[in-house]
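One structure below.
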Amino acid sequence: MALHIVLVEPEIPANTGNIARTCAATGTHLHLVRPLGFRTDDATLKRAGLDYWHAVTIEYHDSFAEVLEKYREGRFFYATTKAEKRYTDFAFRDGDFFVFGKETKGLPPEILEAGKETAMRMPMGQAVRSLNLSNSAAIIVYEALRQLDFPELF
């Protein structure tokens, strides 16, 4: 099994490329939900992921509903600044999905409403609205890996 990062309509190629590099380093699967705010042959996307793209398991989906349908048995956690619980309040398991929204708007209200029980936030001061998407994904994946005692990959 593996952890999963789901990016719902990502807009900035460099963020997706950085997340892909994190996925390559950790064995995490990457799911990209269309529409994307960039082309997958974008130079910035390729550059951010460096030469690690071959090491990333990546799937493209036409909707978030498609992801839920394909992975019916999956446990989904939703990253949002609107959550009450912190990401450290959850006990993660191998195979979990971490869902992130687009950089400018976050996750759509209907996804957040359906996932409110497993919505999570990262504590931060009031100087910013949110953390960078790729930093947030890395923080959560590494917390999950820490809880799993860094499986064989490490």
Side-chain angles (χ1 to χ4, degrees), residues 1-34 36-38 40 42 44-61 64 66-103 106-107 111-112 114-125 127-154:
M1 301 233 4
L3 297 172
H4 300 262
I5 292 176
V6 180
L7 302 181
V8 178
E9 301 179 12
E11 299 169 309
I12 301 173
N15 283 334
T16 299
N18 288 336
I19 291 168
R21 187 196 267 189
T22 297
C23 289
T26 61
T28 300
H29 294 196
L30 179 59
H31 301 263
L32 299 179
V33 178
R34 296 180 183 100
L36 308 179
F38 49 85
T40 55
D42 185 288
T44 306
L45 176 70
K46 300 285 188 206
R47 187 169 38 256
L50 293 177
D51 57 348
Y52 302 118
W53 287 101
H54 70 281
V56 179
T57 300
I58 187 167
E59 290 183 41
Y60 295 90
H61 306 276
F64 183 64
E66 182 181 299
V67 178
L68 292 174
E69 176 69 23
K70 183 171 182 178
Y71 295 98
R72 289 182 187 179
E73 302 301 316
R75 290 191 337 146
F76 289 81
F77 296 87
Y78 303 89
T80 175
T81 59
K82 299 166 181 69
E84 301 221 1
K85 294 180 184 173
R86 297 175 301 195
Y87 72 102
T88 54
D89 293 336
F90 294 95
F92 300 121
R93 297 191 305 232
D94 194 12
D96 284 345
F97 288 75
F98 304 113
V99 183
F100 298 86
K102 61 174 73 177
E103 290 91 338
L107 288 166
I111 291 176
L112 287 177
K116 65 184 168 192
E117 295 301 316
T118 55
M120 59 186 175
R121 66 177 173 81
M122 282 171 266
M124 63 184 136
V128 297
R129 286 185 308 278
S130 63
L131 293 173
N132 174 275
L133 179 63
S134 61
N135 292 339
S136 298
I139 289 167
I140 290 173
V141 164
Y142 271 92
E143 171 60 17
L145 290 170
R146 184 195 67 78
Q147 289 183 18
L148 297 170
D149 198 27
F150 299 98
E152 289 180 29
L153 183 62
F154 303 98

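In this chain, numbering begins with 1 at the start of the sequence shown. In this text, all values refer to a predicted model and were calculated from it rather than measured experimentally.
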- Non-neighbouring partners of R75 that pass salt bridge (Lys or Arg N to Asp or Glu O under 4.0 Å), sequence neighbours left out: D96

- Item | Residues in side chain to side chain donor-acceptor pair (under 3.5 Å) contact with K70, at least two apart in sequence or another chain | E59

- Query: To the nearest 0.5 Å, how far apart are CD1 in I58 and OG1 in T16?
  - Reply: 8.5 Å

- Message: Please enumerate all residues that pass side chain to side chain contact (heavy atoms under 4.5 Å, CB included) together with L131, with sequence neighbours excluded.
- Response: M122, M124, S136, I139

- Item | By side chain to side chain contact (heavy atoms under 4.5 Å, CB included) - contacts of N135 (at least two apart) | N132

- Note on the structure: Nearest heavy-atom approach of L32 to P10 is CD2-CG, 4.3 Å

- To the nearest 0.5 Å, how far apart are CZ in R121 and OG in S130? 13.5 Å

- List the atom of G27, the atom of A2, and the distance in Å for their closest heavy-atom pair. O-CB, 3.4 Å

- Closest contact, heavy atoms only, R86 versus P123: CD-CG, 3.5 Å

- Message: Looking at every non-hydrogen atom in both residues, tell me the closest pair between I5 and A137 and how far apart they are.
- Response: CD1-CB, 4.0 Å

- Item | L133 side chain reached by I12 side chain, heavy atoms, under 4.5 Å | no

- Task: Sequence neighbours left out, what passes side chain to side chain donor-acceptor pair (under 3.5 Å) with K116? Give chain and number order.
- Result: E113

- Message: Just verifying a value: how many Å separate L107 CG and L112 CG, rounded to the nearest 0.5 Å?
- Response: 5.0 Å

- Query: Sequence neighbours excluded, which residues qualify as side chain to side chain contact (heavy atoms under 4.5 Å, CB included) partners of L68?
  - Reply: F64, F76, Y78

- Sorted by chain and number, sequence neighbours left out, side chain to side chain contact (heavy atoms under 4.5 Å, CB included) with A144 holds for L3, F92, F98

- Sequence neighbours left out, what passes salt bridge (Lys or Arg N to Asp or Glu O under 4.0 Å) with E9? Give chain and number order. K102

- Listed by chain and number, what are the side chain to side chain donor-acceptor pair (under 3.5 Å) partners of H31, not counting sequence neighbours? H4, H61

- Note on the structure: Here the gap from I19 atom CD1 to S134 atom OG, rounded to the nearest 0.5 Å, amounts to 5.5 Å

- Query: How about R34: does its CZ atom have over 12 heavy atoms from other parts shown lying under 6.0 Å from it?
  - Reply: yes

- Message: Minimum heavy-atom separation for E66 and Y60, please, with both atom names.
- Response: OE2-O, 3.9 Å

- Note on the structure: Heavy-atom closest pair (C23 atom, V56 atom, distance to 0.1 Å) is CB-CG1, 4.3 Å

- About how many Å separate CD1 of I140 and CG of L145, when rounded to the nearest 0.5 Å? 12.0 Å

- Message: Among residues at least two apart in sequence or on other chains, which ones pass salt bridge (Lys or Arg N to Asp or Glu O under 4.0 Å) with E143?
- Response: R146

- Just how far is it from atom OG1 of T28 to atom CZ of F97, taken to the nearest 0.5 Å? 11.5 Å

- Item | Partners passing salt bridge (Lys or Arg N to Asp or Glu O under 4.0 Å) against E69 (at least two apart in sequence or in another chain) | R72

